[in-house]
Amino acid sequence: MAALLGAELEPYPYISGYGLLRRMTQLGRLMGVELTALGIRNRVTSDALTATQRPGAPKAGLLHALGLQRTRVGDYWSPEVWSPLRTGHVLERHNVPLRDCPLCAAHGYHCALFQLPFIDHCPWHAAKLHTGCPQCGRTCWARFHPDLRLGRCECGYDAFEVRTASIDMWHFPAAEVDAWASRYLDWAAEERKSRLLVVPALHTDWMPGYAALARQSLELESMLVTTKPTAELTEFSDVGEDPPEGEFWGWSLLGGERPLTFVPLPATMHAKLAQATRDAVAAFPADTPTPLELATLNGLEEGQTLEQNLVNRPECLIAPHGLSSDQSTWLNLSAVDPTAACFCGELLDRVISGLEARDDGCSRSLQAARSHALDGISGRRHVARALEAILARAYTQGLETVLRSMMAGGKASMCQRWSLPTAEIVIANDEVRSVWVCWTATRPPPSWRTVDIPVPVSPAPKTKTGSKSSAMRLQTRNRLTRRAGKVRQKK
């Protein structure tokens, strides 16, 4: 390790894998074959930050080449260990722009802590972190420059200073960094015992929500220079009794193995969804006419305004069934944001896994397993209230999109405000203490389906079962099955 120029660890505690690579490529001017020996093979499109922070061949190869495979150095390359919330390794899976302290960058130093979205300033230099090139304004990514150096922008700007990173490397505030980082890591590890993050899958717009949830801690304010959250936060921690067994049966259908058109929800959702319909209609001018398509599908008066039709009958769009005989509210999911609907299922799964709900060993479907596990969790009322708020809001903005699409000839309006949920589950003593939901702005989906009863799918045309080709396939399958049985008997 000492033979590699730039791989010094003593002056730079808690340096990231990207920071080590940047120092080595800048000071040692490594060639392609040398980088390959370090485990870095794809140097054209790969992101060096992502490659060194997630488990895999590049990270393992670099640790082995530096003789660090039996140390904890690689643990601090991941932003997960710096997070005060258990994220389920979502931070490692997403490529994000490089965030740098200009004073640290002169040494080639980078810490995985900088990549957390709630960190605005360097903790030891108090300098503002930047994600763009100071010279040209381009977004900075941890990719190799054509000359195989890291940290250099396409315009030629490079914050790295050779003298600072070599002769003056002991001027780096190593003792201050070590003391501060050790205290912060102990605090973050303790926080992760009770704080779980839930983010919508296949989305990267949850980062502001994660930042707002993390910034709520008073201890974090005392350790960091950080901006107070401006996002919309709602806490669900009411006092009361937990829902009876079976109450989560309908909720457990959301985000399941296959998308649904209708879902049975608790009776308490009927009033909330009716109010959501009124809220969606309130987004339009009072004299907005009722779209002909909507009037035809739902039996509304064509001559009345949208407000007159839907304020008088807000339940008409929830579903054709409304309240069933068993007091379930049947919701038409075609007007609900699919991302938010799946998020509800992800929230349930996170609660179950976070509390390590015991499995009795019975074979159940995903829905039944979820419902059974939730019935035994104390504090599940907080989860139920959060689910109601999430789905009601998703229905409001989804229905508004449907109405705007009908008025625009099938094209959704891109000027509509759209928000995405991110949640934090607080657990302690084997129970849910509270659920926080943060709504962050994002772009609305480009198109939407019509609120309608699903059209039945016509069956596929029948084929002859006794045809020659199908008979030959059947004979071949039987022959292979018999042959496999004989092989097993011999063994």
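The shown structure was predicted, so the numbers you read here are calculated from the model rather than taken from an experiment.
In this view, H382 satisfies the ring-ring contact (aromatic ring centres under 6.0 Å, His included) rule with no residue, not counting sequence neighbours. Shown here are the ring-ring contact (aromatic ring centres under 6.0 Å, His included) partners of H145, two or more places apart in sequence or in another chain: there are none. For T234, the side chain to side chain donor-acceptor pair (under 3.5 Å) criterion is met by no residue, not counting sequence neighbours. Partners of T422 according to the side chain to side chain donor-acceptor pair (under 3.5 Å) rule, which considers only residues two or more places apart in sequence or in another chain, do not exist here. Take W77 and apply the ring-ring contact (aromatic ring centres under 6.0 Å, His included) test, not counting sequence neighbours, and it matches no residue. Taking the side chain to side chain donor-acceptor pair (under 3.5 Å) definition, one finds that D430 meets it with nothing, sequence neighbours left out. Under the side chain to side chain donor-acceptor pair (under 3.5 Å) criterion, S434 pairs with no residue, sequence neighbours left out. Every residue two or more places apart in sequence or in another chain that forms a side-chain contact (heavy atoms from CB on, under 4.5 Å) with A51 is listed here: P58.
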Stepwise salt bridge (Lys or Arg N to Asp or Glu O under 4.0 Å) test for D47 and R54: CA-CA 11 Å; D47 187 281; R54 65 172 56 164; over 6 Å; no
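Under the salt bridge (Lys or Arg N to Asp or Glu O under 4.0 Å) criterion, the residue pairs touching residues 129-143 are R138-E154, with sequence neighbours excluded. Among residues at least two apart or in separate chains, side-chain hydrogen bond (donor to acceptor under 3.5 Å, both in side chains) pairs with a member in residues 174-187 are Y14-S182. Applying the salt bridge (Lys or Arg N to Asp or Glu O under 4.0 Å) definition to pairs two or more places apart or across chains, those involving residues 85-101 are R22-D100. Legend: salt bridge (Lys or Arg N to Asp or Glu O under 4.0 Å) pairs involving residues 261-280, not counting sequence neighbours, sorted by first then second residue: K272-E388.
The pair E80-R192 fails the salt-bridge criterion, with no side-chain N (NZ, NE, NH1 or NH2) lying under 4.0 Å from an Asp/Glu carboxylate O.
When atom types are taken as modelled, the side chain of T440 and the backbone of G209 share no donor-acceptor pair closer than 3.5 angstrom.
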